[in-house]
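Given the structure is predicted, the values throughout are model-derived calculations rather than measurements.
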Amino acid sequence: MRRALSLAREGWGQTAPNPMVGAVVVHNGLVVGEGAHLRCGAQHAEPVALAMAGTRARGATVYVTLEPCNHHGKTPPCVDALIAAGVARVVVATADPNPLAAGGAERLRAAGIAVEFGTLAQPARDLNAPFLFAAKGAPRPWVTLKLALDADGAMAPADRSQQWLTGPESRAFVHRLRAGSDAVGVGIGTVLADDPQLTVREAGAPRVPPRRVVFDRSARLSASSALARSATGIPVTLLATNPDGPRLQTLGALGLDCLVADGLEAQLQQLRDIHGVRALLVEGGATLADALWQANLVDRLIIFQASVRLGPDALRPFGGERPYEAARIVAQQRLGPDLMTEYAIHEP
């Protein structure tokens, strides 16, 4: 199953709105086939693995990271391929809550195939958390908040001047996070200070570039900003409460759109309903991070902790507290001089 999960990750940034799935076929203790769902619309993991196994799939055990699908989409049901191949046993990491695709286990059992659930279930759910969240009917996107902090947990100097805290390895990893998201969001304060592009540049290009989202209550985004000037190429959405009418007309002529709602949760619901955003990566700043946290709208928190220190008066998120430290750690790794830690604030 670890190998199947590794294969599934090869679809990062390419499979949405489908999940990332890996499969391994084992016959008499030997791996005879393996596969992954590598791109939306392409073959699913199970048929790829079965094709590699050929006749050796008969009587084999198949390890798969998500319950095999039981519906006709862009490809036939994976359960049909497993039944036709004559496999004896299917080991599944986690069930598929999508009502359109679920029921695969029952079909397999009805065909006389043994089915087991639960092997490495938590890593499998973590891998596809946005998909699972959406499949259960969530009305808003799965929100991942990314913060870069100094060694003491601060994110900006007291004078709020901008400077890199983390090294190039961490910044490249952030681009990979962008590639695996439907949208990348920031607050208007960050845009006014940094004029970011919010594009994927230091990672493999995603199948669909993530939408750029600005939390901008009164539509203060400048028409000369990098986001506004590139909106016809990669979409930009403003989430506003009281937008300035004439400014909206100017920005609309450049290709931006604006979703108006009172409150963060309502704005996120619009982002999901209107633009189909299921996975949102929020990159700051401190005001937006605090607001999302206070509204209980952060599902995953990823902290890149640097070794530098900004001083005792530096700006700290969450009022200087670290409430996330009690949460389950999903992943942790060194990226150059920095430590990246992903916390599970909510489960999908």
Side-chain angles (χ1 to χ4, degrees), residues 1-12 14-27 31-138 142 276 278-279 347-348:
M1 192 64 80
R2 287 190 180 89
R3 174 59 181 161
L5 284 166
S6 177
L7 290 164
R9 293 185 187 97
E10 294 179 8
W12 185 267
Q14 305 300 323
T15 66
N18 294 344
M20 293 170 279
V21 181
V24 174
V25 183
V26 177
H27 184 86
V31 172
V32 295
E34 59 182 34
H37 181 45
L38 296 178
R39 191 174 179 86
C40 181
Q43 275 195 308
H44 289 190
E46 298 94 312
V48 174
L50 292 170
M52 180 183 290
T55 58
R56 293 175 294 179
R58 185 162 298 279
T61 295
V62 178
Y63 295 84
V64 61
T65 58
L66 186 70
E67 182 180 4
C69 65
N70 187 36
H71 79 298
H72 280 272
K74 293 184 178 180
T75 60
C78 292
V79 292
D80 288 356
L82 291 162
I83 293 169
V87 305
R89 177 170 164 254
V90 176
V91 180
V92 182
T94 189
D96 188 343
N98 184 349
L100 292 176
E106 287 80 358
R107 279 275 317 280
L108 293 171
R109 286 173 177 143
I113 298 171
V115 180
E116 300 172 18
F117 279 91
T119 300
L120 297 183
Q122 190 65 68
R125 286 194 291 266
D126 289 336
L127 178 65
N128 282 309
F131 168 82
L132 297 173
F133 189 62
K136 291 177 180 178
W142 179 259
R278 301 190 306 174
E347 299 296 345

Within a 6.0 Å radius of atom CZ on Arg109, are there more than 12 heavy atoms belonging to other residues, nucleotides or ligands? yes
Minimal non-hydrogen separation, Ala8 against Leu127, with atom names: CB-CD2, 3.7 Å
Kindly say whether Val32 contributes a backbone atom to a donor-acceptor pair with the side chain of His27 at under 3.5 angstrom? no
Worked check of side-chain contact (heavy atoms from CB on, under 4.5 Å) between Arg107 and Asp80: CA-CA 9 Å; Arg107 279 275 317 280; Asp80 288 356; 2.7 Å; yes
Could you tell me which non-hydrogen atom of Val92 sits nearest to which non-hydrogen atom of Glu67, and how far apart they are? CG1-N, 3.3 Å
Give the intermediate values and the outcome of side-chain contact (heavy atoms from CB on, under 4.5 Å) for residues Gln14 and Leu38. CA-CA 6 Å; Gln14 305 300 323; Leu38 296 178; over 6 Å; no
Could you give me the CA-CA distance, side-chain angles and deciding distance for Met52 and Glu34, then say whether side-chain contact (heavy atoms from CB on, under 4.5 Å) is met? CA-CA 7 Å; Met52 180 183 290; Glu34 59 182 34; 4.2 Å; yes
Side chains of Val87 and Leu108 in contact at under 4.5 Å (non-hydrogen atoms): no
Sequence neighbours excluded - ring-ring contact (aromatic ring centres under 6.0 Å, His included) pairs with any residue from residues 34-59: His37-His44
Is the backbone N or O of Pro348 less than 3.5 Å from a side-chain atom of Arg125, with the two atoms forming a donor-acceptor pair by type? no
Output the distance between atom CG (Leu120) and atom CG (Asp126), rounded to the nearest 0.5 Å. 11.0 Å
Would you name the heavy atoms of Leu66 and Ala95 that are closest together and state the gap between them? CD1-O, 3.6 Å
What is the distance from atom CG of Leu7 to atom CE of Met20, rounded to the nearest 0.5 Å? 13.0 Å
For Cys40 and Pro17, the nearest pair of non-hydrogen atoms, with its separation, is SG-CD, 3.9 Å
Between Pro97 and Leu132 the two heavy atoms that sit nearest each other are CD-CD2, 3.5 Å
Check: Gly22 main-chain N/O paired with Thr65 side-chain donor or acceptor under 3.5 Å: yes
Before you tell me yes or no, could you show the steps for Asp96 and Phe131 under side-chain contact (heavy atoms from CB on, under 4.5 Å), namely the whole-Å CA-CA distance, both residues' side-chain angles and the distance that decides it to 0.1 Å? CA-CA 10 Å; Asp96 188 343; Phe131 168 82; 3.8 Å; yes
Rounding to 0.5 Å, atoms OH (Tyr63) and CZ (Arg89) come to a distance of 4.5 Å
Grab the two heavy atoms, one from Thr15 and one from Arg39, that are nearest each other, plus how far apart they are. CG2-N, 4.0 Å
